[in-house]
Number of protein chains: 2
Amino acid sequence: MNNKKVPEGTISRIFIYLREITELVKLNIHTISSAELGERTNLSDAQVRKDLGYFGQFGVSGAGYNTQELKTALEKILGKDRAWNVAVVGAGHLGSALLTYPGFKERGLDIVAAFDSDSRKVGKQMKEITVQPLEELPRVIQQKKVSIGIIAVPAKEAQGVTDMLVKLGVGCILNFAPTSLNVPDNVKVKDVDLSRELETLSYFLVNKKAQYA
Amino acid sequence: MNNKKVPEGTISRIFIYLREITELVKLNIHTISSAELGERTNLSDAQVRKDLGYFGQFGVSGAGYNTQELKTALEKILGKDRAWNVAVVGAGHLGSALLTYPGFKERGLDIVAAFDSDSRKVGKQMKEITVQPLEELPRVIQQKKVSIGIIAVPAKEAQGVTDMLVKLGVGCILNFAPTSLNVPDNVKVKDVDLSRELETLSYFLVNKKAQYA
DNA sequence: CAGAGTTTGTGCCAATTTTCACAAAGTATA
DNA sequence: TATACTTTGTGAAAATTGGCACAAACTCTG
């Protein structure tokens, strides 16, 4: 419960724990130990305890963690007690898939707008969202109070879109374009480069052969 | 150039360098320094040099790196001079988007098959791929020599599909299902949990406020 | 309620990864 | 060719991260 910087890995894992705990609450399981939670998430018991330790003391010695209490506490800390408005820029195959992805809303992430510069894609309706032209972006982002942007445009357009979003005060960007974005320090970018993920895996294949041959 | 273990982060970044270098070659730029390459990829010059150092000595003191030479060398090392066969399991919105994602083929990753357990999705045609029933998976994986699997099924079905793939000798798995997969040590899994990526960003929003308020 | 058994929280250590910093090796110029 | 620059490659230092191990805190049982 010190105010040290929390490692990025810890933050990511905390959401895994929360997902598991939420499941346990549904199953009417009231208590779980770090060892069991680790088992279910393929992590070590020490890792579980250390990660939780960054945020407070939630456990009871000899008994473990109360699932409902832990769930409530983590949701509060992680800002999951409120919803975040998200906009998707780029309505190609990937953008469309994101618009219809059911996992977001379940977890408090509301996609409230979608944009594309291609007039053939403008007007497409997906669930309750209609794709709007890029020109509308500034107005809509401000009106709908969007704080997270998803970039699903080709690499060449990515920086331009990013600059627009940053200027409008969007604080975080999830970037699917295979390019490195430049943003000011107070904006957080998370890159998800699908090709690169696969490439990294393929490197493992090349190397595994060498290792076991 | 020693045979020490290469950090995972280095492997991932090497593909970023390669992407950038490829761009430079196209632009007819023949030489680049670690400082410039770092600038373009938002990484430090020292990081660039150290990363490249794991694979060999490619630079010339006082001059920098020859882009064409570096490109050729890295492609060889990374196994990018050959193509890998990839199968997608799950043909929902995300799976469909992956099937039509142009970035893969460009980088030597050939999606050669797609499967779904839902009979309504079987038979769907996407580019040159037809969605096949899950029962066909064992036969097709072996016949087409698939070495990388992509899991884009709901969380509950993910482990079952994984077990099938592992049994068939698939060495790497890219997992989009929001669940932890159990695999033997010689199989490499990379998780891409889109909701979790967004959640991690939203945590940053919560925390940033505290930091600057 | 005493004693045996569990499980947490955390200081400390080990391993990994990044950054620093500088000698060595090159280029460019006159 | 000599001198001034530039840039690499890499040991060594610093920072980060994960794992161990154990005292302290609690539960459970008879």
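As a basis for the values below, the full set of heavy atoms in this structure was taken, side chains included, without hydrogen atoms, waters or symmetry mates.
Side-chain N/O atoms of A:Tyr65 include one lying less than 4.0 angstrom from OP1 or OP2 on C:dG9. Put simply, B:Ser61 has no side-chain N or O that comes within less than 4.0 Å of OP1 or OP2 on C:dA24. B:Gln57 has a side-chain polar atom (N or O) that falls below the 4.0 Å cut-off from OP1 or OP2 of D:dT10.
The heavy-atom pair separating A:Val153 from A:Val89 by the smallest distance is CG1-O, 3.4 Å. Considering all non-hydrogen atoms of both residues, A:Ala114 and A:Leu99 come closest at CB-CD1, 3.8 Å.
Side chains of B:Asp191 and B:Asn175: a donor on one and an acceptor on the other come within 3.5 Å. Looking at A:Gln68 and A:Thr72, their side chains do bring a donor and an acceptor atom within 3.5 Å of each other.
B:Lys5 places its NZ atom 10 Å from the C1' atom of C:dA15, with the value rounded to the nearest Å. Rounded to whole Å, the distance from CG on B:Asn66 to C1' on D:dT8 is 15 Å. Atoms CZ (B:Arg49) and P (C:dA24) sit 17 Å apart, rounded to a whole Å. Between the CD1 atom of B:Ile11 and the P atom of C:dT16 there is a distance of 14 Å, given to the nearest Å. One can place CD of A:Gln47 at 14 Å from C1' of C:dT10, the figure rounded to the nearest angstrom. Atom-to-atom, CG of A:Leu52 to P of C:dT7 comes out at 16 Å; the value is rounded to the nearest Å. Per the geometry, CG belonging to B:Asp51 stands 17 Å off P belonging to C:dT16, to the nearest Å. Rounding to whole angstrom units, CG of residue A:Asp45 and P of D:dC20 are separated by 9 Å.
Checking C:dT10, D:dT7, D:dG9 against every side-chain atom of A:Lys50, the shortest atom distance belongs to C:dT10.
Projected onto DNA chain D by closest heavy-atom contact, A:Arg13 and B:Ala46 fall at different nucleotides, the more 5' of which corresponds to B:Ala46.
A heavy-atom distance below 4.5 Å is not found between the side chains of B:Val86 and B:Val112.
Under the 3.5 Å distance criterion, the side-chain polar atoms of B:Asn42 are matched with a main-chain donor or acceptor of A:Leu181. Remark: the backbone N or O of B:Ser34 is not paired with any side-chain donor or acceptor of B:Arg49 at under 3.5 angstrom.
Contacts with DNA chain C (heavy atom under 4.0 Å) in residues 20-41 of chain A: A:Ser33, A:Ser34, listed by number.
Here A:Thr10 lies out of heavy-atom contact (under 4.0 Å) with every strand.
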